[in-house]
Amino acid sequence: MRMSEFFLPTLKEDPSEAQIVSHRFMLRAGMIRQSSAGIYSWLPMGLRVLKKIEGIVRQEQDRAGCQELLMPTIQSADIWRESGRYDDYGKEMLRITDRHDREMLYGPTNEELITEIFRESVRSYKDLPKLLYHIQWKFRDEVRPRFGVMRGREFLMKDSYSFDLDFAGAKQTYNKMFVSYLRTFSRMGLKAIPMAADSGPIGGDMSHEFLILADTGESEVFCHRDILSFDVPGDDVDYRIDQQPVVDKWTSLYAATDEKHNAAREEELGEELVAARGIEVGHIFYFGTKYSKAMNAVVASPDGQEIPVEMGSYGVGVSRLVAGIIEASHDDDGIIWPEPVAPFGAGIINLRAGDALCDTTCEDLYSKLSSAGLDPLYDDRDERAGVKFANMDLIGLPWQVVVGPRGLENGMVEIKSRATGDKQEMTPDAVLNKLMAV
RNA sequence: CGGGGUGUAGCGCAGCCUGGUAGCGCACUUGCUUUGGGAGCAAGGGGUCCCCAGUUCGAAUCUGGGCACCCCGACCA
């Protein structure tokens, strides 16, 4: 992409409404614009990151044997009456009436809908287990939306739903999702810590929150130091094998949010205790037969009895992760994207647009990096050097290739790592080799 | 939902107390000069001063009522 053609409205000054760093940078880097309280448009730069995150989540769901489908944003109130949640959910649920005076709602979650889909189609234990997910926009009419997309009313969420015949199967599915979450967040360059959680309005008794560590996180977390260096299962993870040992390991040491922490246990840990700040980006629940009983989602067991299925649900805040990653990875100058979620693989800065040698060198780098699939962003604008440096630092691409007349006198360009700030002079060919190896 | 605050050019703000028809910085346009970390000079363009009533010869400014947004708290992915 050429920056001269890209729709990238960056801001030099901080918008007054943005309080936290991710919100400020998302506005300044031209990623989002607020539409109304807690509701945002995603501009091209922001959408690229959102799609990258979505892609990683999708890959790890698929790898764990979860199948993607897509449920609507608007649901009928009827199924929520069946589960009993229509009255329980309160004003957070956006209720809508259609032209025939039918009661509808903009879904805050999808347990009812997926249960309805399941019960219409599945009759036998032979069809279990099943693990389904979708990535869809949700709406919760928060009393007080804030912090940009971190705490918006409309948000993109991946939610999975599992159906098993018995508790043993449900537990194994839960473990599978637990491990896939460890992998998902780790692939985004995040340290995620699973913590025992309350099951909230969904109900149930087996539940973990996944919090990523960020200095500016919303809540305080306490954990044993060693959790931070635990290994995350690699690409060779085999989900056909019960992941219980991995779950056992990750839940063996103390970890708790400020709401649930236990001062006595922390005292015992002494030097081993880490107090940090975290942002919740995932939540997994086992809730058994709560919905299957209420909504009559039953299968025939091997002995011919109809039994309600064991269910769980597993959420990842996809749009929230965009902000969460920025909270975890930035400096005073702007965002520092981890490579797997970066909107572009590298930036090319032409310090003297219009200079023949600068132009041809940049064009050559641009076309070669493009065909290598690195998806570069080429700043070909007729702007001053300082503007280009500042903009590139703000939008946080992992690599910056700086091409200027001074270096080219010796046939050299400069490559800078956004994360470390390290700069190296090398030939354009050496830059290509280096970036293609990344 | 309790408490507080703010709505004036794309962004950040001043003007309001003490009424006289709107200004500053950045951004934008044009020209010249500049050119390796958010340039300089000059000339321009852009505003229903959130909305509706009221007071007044006259309202961004005063009064009343709405709406929107933000912050603290309670609540939450």
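A note on names: the letters A, B, ... follow the listed sequences, proteins ahead of strands, and every chain is numbered from 1.
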- Task: Could you check whether A/Gly386 gets within reach of a base, just the sugar-phosphate, or nothing at all, counting any heavy atom under 4.0 Å?
- Result: sugar-phosphate

- Query: Near RNA chain B, which residues from residues 390-405 of chain A have a heavy atom under 4.0 Å away?
  - Reply: A/Ala390, A/Asn391, A/Asp393, A/Val402, A/Gly404, A/Pro405

- Query: What's the CZ-C1' distance between A/Phe389 and B/rG38, to the nearest Å?
  - Reply: 12 Å

- How would you label the contact of A/Gly282 with the nucleic acid (heavy atoms, under 4.0 Å): base, sugar-phosphate, or nothing? nothing

- Send over the distance from A/Leu357 CG to B/rU35 C1', rounded to a whole Å. 17 Å

- Task: Mind calculating the distance between CD (A/Glu383) and C1' (B/rA27) to the nearest angstrom?
- Result: 11 Å

- Query: With both distances under 3.5 Å as the test, what is the Watson-Crick or G-U wobble partner of B/rC62?
  - Reply: B/rG54

- Message: What is the separation between atom CG on A/Asp141 and atom P on B/rA77, rounded to the nearest whole Å?
- Response: 15 Å

- Message: Is it the case that B/rC69 (base atoms only) and A/Arg146 (side chain only) share a donor and an acceptor within less than 3.5 Å, ignoring hydrogens and angles?
- Response: no

- Message: What's the closest nucleotide to the side chain of A/Glu142 if the choices are B/rC76, B/rG37, B/rG38?
- Response: B/rC76

- Query: Looking at A/Arg2 and A/Glu363, does any basic side-chain N land under 4.0 Å from a carboxylate oxygen?
  - Reply: yes

- Give a yes/no answer on whether the side chain of A/Arg352 brings an N or O atom under 4.0 Å of OP1 or OP2 in B/rU35. no

- Message: What contact category does A/Lys388 fall into here, base, sugar-phosphate, or nothing, at under 4.0 angstrom with non-hydrogen atoms?
- Response: nothing

- Task: Could you tell me whether the side chain of A/Asn110 reaches within less than 4.5 Å of the side chain of A/Lys138, counting heavy atoms only?
- Result: yes

- Task: Give one of base, sugar-phosphate or nothing for A/Lys158, where a contact means two heavy atoms less than 4.0 Å apart.
- Result: nothing

- Residues of residues 4-39 of chain A with a heavy atom under 4.0 Å from any atom of RNA chain B, listed by number, are A/Lys12, A/Glu13, A/Asp14, A/Pro15, A/Ser16, A/Glu17, A/Gln19, A/Arg28, A/Gln34, A/Ser36, A/Ala37

- Message: Base of B/rC75, side chain of A/Arg144 - is there a donor-acceptor contact under 3.5 Å?
- Response: no

